[in-house]
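Given the structure is predicted, the values throughout are model-derived calculations rather than measurements. Just so it is clear: chains get the letters A, B, ... in the order the sequence lines come, proteins before strands, and each one is counted from 1.
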Protein chains: 2
Amino acid sequence: MALQSDFFPFYVTVDVVVLTLREDVLHVLLVERGSKPYLGELALPGGFVQPTEDLEPAALRELREETGISLRPRYLEQLSSYGAPDRDPRHRTISIAYLAVLPRLPEPTAGTDARAAGWYSLEEVADRALAFDHRDILEDGLERARAKLEYTSLATAFCDPEFTVAQLRRVYEAVWGRPLDPGNFHRKVLASPGFVEPTGRVRSGGRGRPSQLYRAGEAAVLHPPVLR
Amino acid sequence: MALQSDFFPFYVTVDVVVLTLREDVLHVLLVERGSKPYLGELALPGGFVQPTEDLEPAALRELREETGISLRPRYLEQLSSYGAPDRDPRHRTISIAYLAVLPRLPEPTAGTDARAAGWYSLEEVADRALAFDHRDILEDGLERARAKLEYTSLATAFCDPEFTVAQLRRVYEAVWGRPLDPGNFHRKVLASPGFVEPTGRVRSGGRGRPSQLYRAGEAAVLHPPVLR
DNA sequence: CGCTATATTGTTATCCTGACAATAGAAACG
DNA sequence: CGTTTCTATTGTCAGGATAACAATATAGCG
């Protein structure tokens with residue numbers, strides 16, 4: 001490592017890719033920027049890391065401040081860091097990106113430094129430009145989510161505390177973007193120990209045969225995995 | 001994102017976990033620190049990112065400056081970032097860690113800011129303390145390598161341009177720390193399209209039946225994978 | 001009551017795997 | 001030289017996982 005004379009001041013930010021399911025469609029949480037640069041454009045929630053703050057708490061704080069979402073995410077992991085010299089037109093800025101997954105939530109509320117916050121389906125965000133390199137970060141987050149569905153229990157983080165196998169299947173279908181065979185999926189989920197645990201209750205109300213309710217099991221890694 | 005008044009100066013460094021195989025044993029490249037803090041202790045090669053330098057070039061430059069290794073790694077990917085407020089006793093420092101994999105190389109030479117550089121087997125480094133949180137970074141790099149062997153062609157990055165299936169198997173055995181069935185491994189490697197391509201040549205000299213020589217194929221992802 | 005929709009369970013041919021046996025071809029040994 | 005030894009490569013086979021698809025279960029609805 002070099003001497004202090006090598007010092008050059010970097011800005012350090014955290015940005016969060018928050019994914020959820022709304023009406024069986026994958027949505028991402030975006031804010032409308034309330035300050036320059038990229039004022040008024042869509043961006044991932046995020047902001048500067050404070051002097052004595054660790055990275056993960058900074059991600060949660062910015063999420064809360066900019067969108068009003070203060071629930072502890074069911075799932076939060078570091079995604080990657082982005083540090084191209086020109087990624088911020090003003091300063092040399094490094095961003096550490098996080099991936100968070102939440103069950104369906106009420107509408108977010110705009111907060112500090114954001115004029116608006118809301119859920120956007122991937123389809124409606126496909127056309128629109130995102131601030132900075134947030135398009136790259138979003139794509140990396142989606143790819144990470146797609147991969148993690150295979151061999152971890154990430155899918156349960158999209159669900160309410162109690163859920164049916166069909167609801168879990170719709171998570172996979174939304175994230176992977178293709179239909180899955182209900183019968184085979186049902187068997188594979190129940191064959192993976194610790195993925196889901198039956199609650200004994202059944203879901204009433206819906207059409208068709210009532211379904212068993214499950215909660216997330218203890219397993220974080222799936223054996224066998226649910227292959228794409 | 002916040003206003004400029006939020007600015008707080010961060011130091012930003014890159015650290016590299018360089019793995020290779022020497023005598024069929026997994027080794028990691030470490031330097032003996034030549035400056036404070038942790039003067040004289042073992043550390044991953046790395047250092048400060050320059051003002052207009054992207055992260056990956058910074059990792060390669062520090063690797064070259066501190067160890068004399070200027071070969072383009074056969075494999076280089078970002079690992080994770082580390083930003084605990086107290087990870088550097090002097091300043092608030094964020095480190096972006098990279099994982100690199102190389103075939104067997106000559107001894108490294110100590111360079112700037114490093115009193116010595118050398119290959120250390122994981123066994124001999126198990127006891128010794130590493131500077132900063134480099135123990136955590138090393139463990140994360142090893143776990144990433146173990147996982148990537150399963151479903152990518154990472155293992156070929158440990159090998160010379162031409163290699164035998166047995167040499168490839170010894171990569172897996174060294175990284176996973178357990179023996180594999182030679183027959184089953186042989187079949188699985190050849191059954192994964194694009195993993196290896198035959199060169200037509202055979203390796204002479206060794207004991208036993210001569211083996212076919214292969215080169216790395218085009219595939220980056222393995223279908224089917226080589227499961228642990 | 002029959003229809004429809006969804007959940008759940010079966011069936012089956014195929015593929016992949018691990019354990020282990022068998023064969024191939026060179027060097028080492030006596 | 002013939003035999004042994006060592007490693008590479010191929011073969012066998014039972015068990016588990018998969019996909020495609022069929023069959024059954026059980027609710028709401030007209």
Each nucleotide of nucleotides 6-13 of chain D classed B (base within 4.0 Å of a protein heavy atom), S (only sugar-phosphate) or -, in 5' to 3' order, makes BBBBBBB-
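As a whole-Å value, the separation of A:Leu168 CG from C:dT6 P is 18 Å. The CZ-P distance, from A:Arg228 to D:dA19, rounds to 13 Å in whole Å. In this structure, the OH atom of B:Tyr172 is 16 Å from the C1' atom of C:dT17, given to the nearest Å. Nucleotide C:dA19 holds its C1' atom 13 Å from the CZ atom of B:Arg178, rounded to whole Å. Atom NE2 in A:His223 sits roughly 18 Å away from atom P in D:dG16 (whole-Å rounding). For A:Lys188 and D:dG16, the NZ to C1' distance is 13 Å, given to the nearest whole Å. One atom, CZ of A:Phe195, and another, P of D:dA17, lie 16 Å apart when rounded to the nearest Å. The separation between B:Leu222 atom CG and C:dT17 atom P is 11 Å, rounded to whole Å.
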query = Given B:Glu124 and B:Arg128, is the salt bridge (charged side-chain N to carboxylate O under 4.0 Å, His left out) satisfied, shown in steps?
reply = CA-CA 7 Å; B:Glu124 67 187 313; B:Arg128 309 195 45 177; over 6 Å; no
Notebook entry, point to check: Between B:Arg170 and B:Glu173, is a salt bridge (charged side-chain N to carboxylate O under 4.0 Å, His left out) present by the stated rule, with each step listed?
Noted result: CA-CA 5 Å; B:Arg170 288 190 202 100; B:Glu173 293 178 332; 5.4 Å; no
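Heavy-atom minimum distance, B:Asp136 versus B:Tyr82: O-OH, 4.4 Å. For A:Leu55 against B:Ser81, the heavy-atom pair with the smallest separation is CD1-O, 4.3 Å.
Side-chain contact annotation: A:Asp15 with A:Ser95, donor-acceptor N/O pair under 3.5 Å present. A donor-acceptor pair shorter than 3.5 Å can be found between the side chains of B:Tyr75 and B:Glu77.
Using a 4.0 Å cut-off between charged side-chain N and carboxylate O, B:Glu150 and B:Arg228 make a salt bridge.
Side chain of A:Ser70 to backbone of A:Arg64: no donor-acceptor contact under 3.5 angstrom is found.
Residues from residues 146-154 of chain A lying near DNA chain D, meaning a heavy-atom separation below 4.0 Å, are absent.
Between B:His134 and B:Phe132, the ring-plane angle classifies as tilted under the 30° and 60° cut-offs.
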